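A short write-up of the structure that comes next.
Not measured: the values here are computed from a predicted model.
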Amino acid sequence: LPDNTTGLRRDMPQIAICAPSAAFTHDDAARVMALAVAEFPDVELHFHPQCFMTDGHFAGPDEMRLAAFLECANDPAIDAVWFARGGYGSCRILESALPKLNDAAKKKTYLGYSDMGSLLGALYVRGFPNLVHGPMPSDIARQGGEAAVKRALSFLVERSPASLEP
C-alpha cells in the first residue's frame, strides 16, 4: 500500500490485496494488474508488499501477515480487501487480528474463499456485513482463472449481478 493513502483517488474504488496465508507471485500479480487495467480502468488495485514475502509456505511470518491484514482492513481510504490466496496461515493470525480491527474495517468488503473462510466467518460473527465467498487473485493461475478474476473484479467494482454464479 502507498505510504500516504490520503493521496489515493477517491473517484474510483480502492482495493487492497493482502495474503494472510500463502505467498503470491509477482508474475501472477502482474497478470491480475494487466487484466484490471484492461477491463476495469476505474479501479485501483494495491498489492501489499507482504503478498510476495515467504516464510516456509506462508507469505511471511505470522506477525508480518497480521500487520499487513490490519493495515489493509483498518485503512479508511481502502474500499475492499481482496485476499490473494487461501491457506492455513489465516487461521494462525485470526485470533490476534479480530480485537485490533477498527470502525473503518467494518465498512469495507472482504473477498476470498478456501481457508479464508475462517477469517470471513469470524468477521461475520462480529457483524461485518460485506463478506463475499469468491475468486481470489491466485485464481489467475488456474484454467479458467482469468474469467474468475474478472467476475471478482466485476463484483467488487460494479456489484454486477452478472458476476454472481448460480
_Between Glu158 (side chain only) and Leu156 (backbone N and O only), is there a donor and an acceptor less than 3.5 Å apart?_
no

*Is a side-chain donor or acceptor of Tyr110 paired with a backbone partner of Ala105 at a separation under 3.5 angstrom?*
yes

*asked:* Would you compute the distance between atom CD1 of Ile17 and atom CG of Leu45 and round it to the nearest 0.5 angstrom?
replied: 4.5 Å

*So His26 and Phe52, would you call those rings parallel, tilted or perpendicular, with 30° and 60° as cut-offs?*
parallel

*Side-chain contact test, heavy atoms from C-beta onward, threshold under 4.5 Å: evaluate it for Met12 versus Val43 and give yes or no.*
no

*In Å, rounded to the nearest 0.5 Å, how long is the span from CD of Glu44 to CD1 of Ile15?*
10.0 Å

_Given 3.5 Å as the limit, does a donor-acceptor pair link the side chain of Asp115 with the main chain of Gly86, or not?_
no

_Just verifying a value: how many Å separate His46 NE2 and Cys18 SG, rounded to the nearest 0.5 Å?_
13.0 Å

_Using every non-hydrogen atom in the two residues, find where Gly60 and Met64 come nearest and quote the distance to one decimal._
CA-SD, 4.0 Å

*How close do Cys51 and Ala84 get, heavy atom to heavy atom, and via which atoms?*
SG-CB, 4.4 Å

*Val157, Met33: one ILVMFWY side-chain cluster at the under-4.5 Å cut-off?*
yes

_Heavy-atom pair of closest approach, residues Ala141 and Asp28_ = CB-OD2, 3.7 Å

*Output the distance between atom CD1 (Ile93) and atom CG (Leu70), rounded to the nearest 0.5 Å.*
7.5 Å

*Determine yes or no for a side-chain-to-main-chain donor-acceptor pair under 3.5 angstrom, with Asp139 supplying the side chain and Met136 the backbone.*
yes

*What are the two closest non-hydrogen atoms of Asn102 and Ala73, and how far apart are they?*
OD1-O, 4.4 Å

*Going by heavy atoms in the side chains, are Lys100 and Leu66 under 4.5 Å from each other?*
yes

_Electrostatic pair Asp103-Lys106, nearest N-O below 4.0 angstrom_ = no

*Heavy atoms only: give me the nearest Thr109-Arg159 pair and the separation to one decimal.*
OG1-NH2, 2.6 Å

_Using a 3.5 Å distance criterion without hydrogens, assess whether the side chain of Trp82 forms a donor-acceptor pair with backbone atoms of Pro135._
yes

*asked:* Can a donor-acceptor pair be found, under 3.5 Å and without considering hydrogens, that links the side chain of Ser90 to the backbone of Ser21?
replied: no

*Can any side-chain N or O of Lys108 pair as donor or acceptor with the backbone N or O of Asp75 at less than 3.5 Å?*
yes

*Evaluate the side-chain contact (heavy atoms from CB on, under 4.5 Å) criterion for residues Phe83 and Val81: first the C-alpha distance (whole Å), next the side-chain angles of each, then the deciding distance (0.1 Å), finally the verdict.*
CA-CA 6 Å; Phe83 299 118; Val81 175; 3.8 Å; yes

_Pro20: which of Met116, Arg92, Arg85, Gln50 passes side-chain contact (heavy atoms from CB on, under 4.5 Å)_ = Met116

*Output yes when a side-chain donor or acceptor of Asp55 lies under 3.5 Å from a complementary backbone atom of Phe58, and no otherwise.*
no

*Should Tyr124 and Leu101 be regarded as members of a common hydrophobic cluster, given that ILVMFWY residues are connected when their side-chain heavy atoms come within less than 4.5 Å of each other, either directly or indirectly?*
yes

*Say whether, by atom type as modelled, one donor and one acceptor occur between the side chain of Arg65 and the main chain of Ala59 under 3.5 angstrom.*
no

*What pair of heavy atoms forms the shortest contact from Leu111 to Ala152, and how long is it?*
CD2-CB, 3.6 Å

*Derivation and outcome, side-chain contact (heavy atoms from CB on, under 4.5 Å), residues Leu35 and Glu146*: CA-CA 8 Å; Leu35 187 145; Glu146 189 171 299; 2.9 Å; yes

*Quick one: CG on Leu119 to CZ on Phe128, what's the gap to the nearest 0.5 Å?*
9.0 Å

*Which value, rounded to the nearest 0.5 Å, describes the distance between His57 atom NE2 and Tyr88 atom OH?*
8.5 Å

